[in-house]
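Report on the following structure.
If you read the sequence from its start, that first residue is 1, and numbering goes on from there.
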Amino acid sequence: MTTEQVSIGVDVGGTKIATGVLRGDQLLSRHVQPTPETGWEAVLDAIATQVQDLQTAHPDARLVGVGIPGPLNADRTRVKFAPNIYGFTDVPMVDGLRDRLGQRIILENDAKAAALAEAHMGAARGTESSIYVTVSTGIGAGIVLNGRIWRGRHGIAGEIGHITALPGGPVSGAGLDGALEAVASGTAIARDASYALNRDVSTAEAFTLAEQGHPAARRIIAQALRHIGIALADLQKTIDPEVFVVGGGVASVGDYFFQGVQRAADEYAAGFAPVTIRRAQLGTDAGVIGAALAARHG
């Protein structure tokens with residue numbers, strides 16, 4: 001008889017911290033609270049409180065994984081920077097939580113955590129290789145090979161939001177000109193649409209206008225989706241995964257998004273290999289599930 005694995009997942013975002021207990025493959029006791037805006041110490045305090053509450057309710061949940069938006073150091077103990085969380089630069093995440101909780105903590109990039117979740121329990125379940133891509137405020141990815149995250153030599157494998165899509169283009173939050181997320185993220189789409197229409201335009205409104213045939217909106221959206229599709233084609237030619245799983249707030253637009261990305265991917269991968277794109281299945285739970293799975297995988 002095998003013992004069902006039980007772990008806690010923590011998904012830290014710019015606006016909210018989500019936590020939950022993964023018992024086997026069932027997510028229990030999900031909780032969401034606002035992310036503190038007074039610095040990293042307060043964020044760690046909030047995480048520790050939630051973990052303690054979950055462990056009181058689920059005493060056998062001793063494994064803890066934490067997903068964070070931003071690059072980590074090579075041994076995954078510190079967050080280099082998380083631009084969407086106030087005060088998150090060079091944060092000793094693992095030591096800080098271990099001091100508060102007195103136990104081992106597994107730290108993971110949030111996109112890599114979601115990649116793990118979709119590979120084991122979501123749209124890529126049953127495949128040997130997959131790449132999860134999230135298109136939201138920024139663009140991130142995680143590569144899963146044989147059920148495990150592929151990190152590369154320096155731990156940065158999957159940082160496709162920072163690949164150069166348009167040399168000399170807009171400067172990204174990481175200070176790189178023409179990075180993919182600077183030309184194709186939700187933030188970039190809203191920026192370009194607001195400029196073209198000379199008023200504040202959200203990403204969702206830009207897509208609505210494009211679907212309604214607005215000429216400027218259609219061009220802005222088409223360019224963004226083309227950049228994403230080309231990036232997937234390049235990854236297909238470089239890594240050759242079985243499947244791409246695409247999620248995030250921008251991808252939740254639906255058919256219009258996926259059709260545009262698929263067209264560009266097919267065009268730029270023609271003659272090499274088909275690009276198979278699936279929609280993410282786990283939604284907002286992917287980060288918590290992935291962090292909980294990361295705790296089990298170490």
Side-chain angles (χ1 to χ4, degrees), residues 11-12 65-83 90 93-94 106-120 122-125 127-165 172-176 178-182 184-185 227-248 251 261 265 268-269 272-273 275-278 280 282 286-287 289-291 293-298:
D11 182 27
V12 185
V66 179
I68 195 84
L72 313 178
N73 66 341
D75 60 3
R76 290 187 292 143
T77 59
R78 304 178 75 90
V79 181
K80 291 183 179 180
F81 62 90
D90 192 28
M93 197 88 176
V94 168
I106 298 298
L107 187 62
E108 186 59 272
N109 167 268
D110 63 341
K112 289 181 172 64
L116 203 58
E118 290 289 349
H120 284 266
R125 190 170 191 168
T127 65
E128 291 184 359
S129 60
S130 61
I131 298 179
Y132 171 82
V133 178
T134 176
V135 184
S136 192
T137 303
I139 297 177
I143 303 167
V144 178
L145 303 175
N146 297 317
R148 300 186 70 86
I149 291 292
W150 170 252
R151 303 182 189 283
R153 173 64 181 85
H154 303 95
I156 64 167
E159 290 287 356
I160 73 162
H162 302 296
I163 65 175
T164 303
S172 72
L176 303 172
L180 182 63
E181 70 176 27
S185 65
H227 284 305
I228 295 168
I230 291 170
L232 298 193
D234 287 344
L235 286 170
Q236 189 74 55
K237 287 177 279 190
T238 306
I239 299 172
D240 197 23
E242 285 182 59
V243 63
F244 289 92
V245 178
V246 182
V261 172
Y268 280 83
F272 290 90
V275 180
T276 301
I277 303 172
R278 297 179 185 171
L282 300 177
I289 292 171
L293 289 171
R296 299 176 186 179
H297 287 256

(request) Show your working on side chain to side chain contact (heavy atoms under 4.5 Å, CB included) between V261 and V246 and close with a plain yes or no. (result) CA-CA 10 Å; V261 172; V246 182; 5.8 Å; no

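Between I239 atom CD1 and D234 atom CG the span is 10.5 Å, to the nearest 0.5 Å. Put simply, OG1 on T77 and CE on M93 are 11.5 Å apart, with the number rounded to the nearest 0.5 Å. To the nearest 0.5 angstrom, I163 atom CD1 is 11.0 Å from H227 atom NE2. Taken to the nearest 0.5 Å, the OG1 atom of T127 stands 10.5 Å off from the CD atom of E118. Atom CH2 of W150 and atom CG of L145 lie 7.5 Å apart (nearest 0.5 Å). With values rounded to the nearest 0.5 angstrom, R151 atom CZ is found 11.0 Å from I143 atom CD1.
Using modelled atom types, no side-chain atom of E181 and backbone atom of G140 make a donor-acceptor pair closer than 3.5 Å. In this structure, E108 contributes its side chain and A291 its backbone to no donor-acceptor pair below 3.5 Å. When atom types are taken as modelled, the side chain of K112 and the backbone of G290 share no donor-acceptor pair closer than 3.5 angstrom. Checking side-chain atoms of R76 against main-chain N and O of L107 turns up a donor-acceptor pair under 3.5 Å. In this structure, N109 contributes its side chain and G70 its backbone to a donor-acceptor pair below 3.5 Å.
The two residues R278 and A124 have their closest heavy-atom pair at NH1-CA, 4.1 Å. Heavy-atom minimum distance, A113 versus G287: CB-O, 4.3 Å. A157 approaches G152 most closely through the heavy-atom pair CB-N, 3.8 Å. Nearest heavy-atom pair across V275 and A233 is CG2-CA, 4.4 Å. Shown here for A117 and I289, the closest heavy-atom pair between the two residues is CB-CG2, 3.8 Å. A pairwise comparison of heavy atoms in A82 and P69 identifies CB-O, 3.1 Å as the closest pair.
Between H120 and R296 there is no side-chain heavy-atom pair separated by less than 4.5 Å. Side chains of V245 and I131 form no contact here, defined as non-hydrogen atoms less than 4.5 Å apart. The closest side-chain heavy-atom distance from I160 to I139 is below 4.5 Å. At a threshold of 4.5 Å between non-hydrogen side-chain atoms, the residues D110 and D11 count as touching. For the pair F244/L235, a side-chain contact is recorded, criterion being any heavy-atom separation below 4.5 Å from C-beta on.
Under the side chain to side chain donor-acceptor pair (under 3.5 Å) criterion, N146 pairs with no residue at all, not counting sequence neighbours.
A side-chain hydrogen bond (donor to acceptor under 3.5 Å, both in side chains) check over residues 129-144, counting only residues at least two apart or in different chains, returns nothing. Sorted by first and then second residue, the pairs that involve residues 237-247 and meet side-chain hydrogen bond (donor to acceptor under 3.5 Å, both in side chains), not counting sequence neighbours, are Q236-D240.
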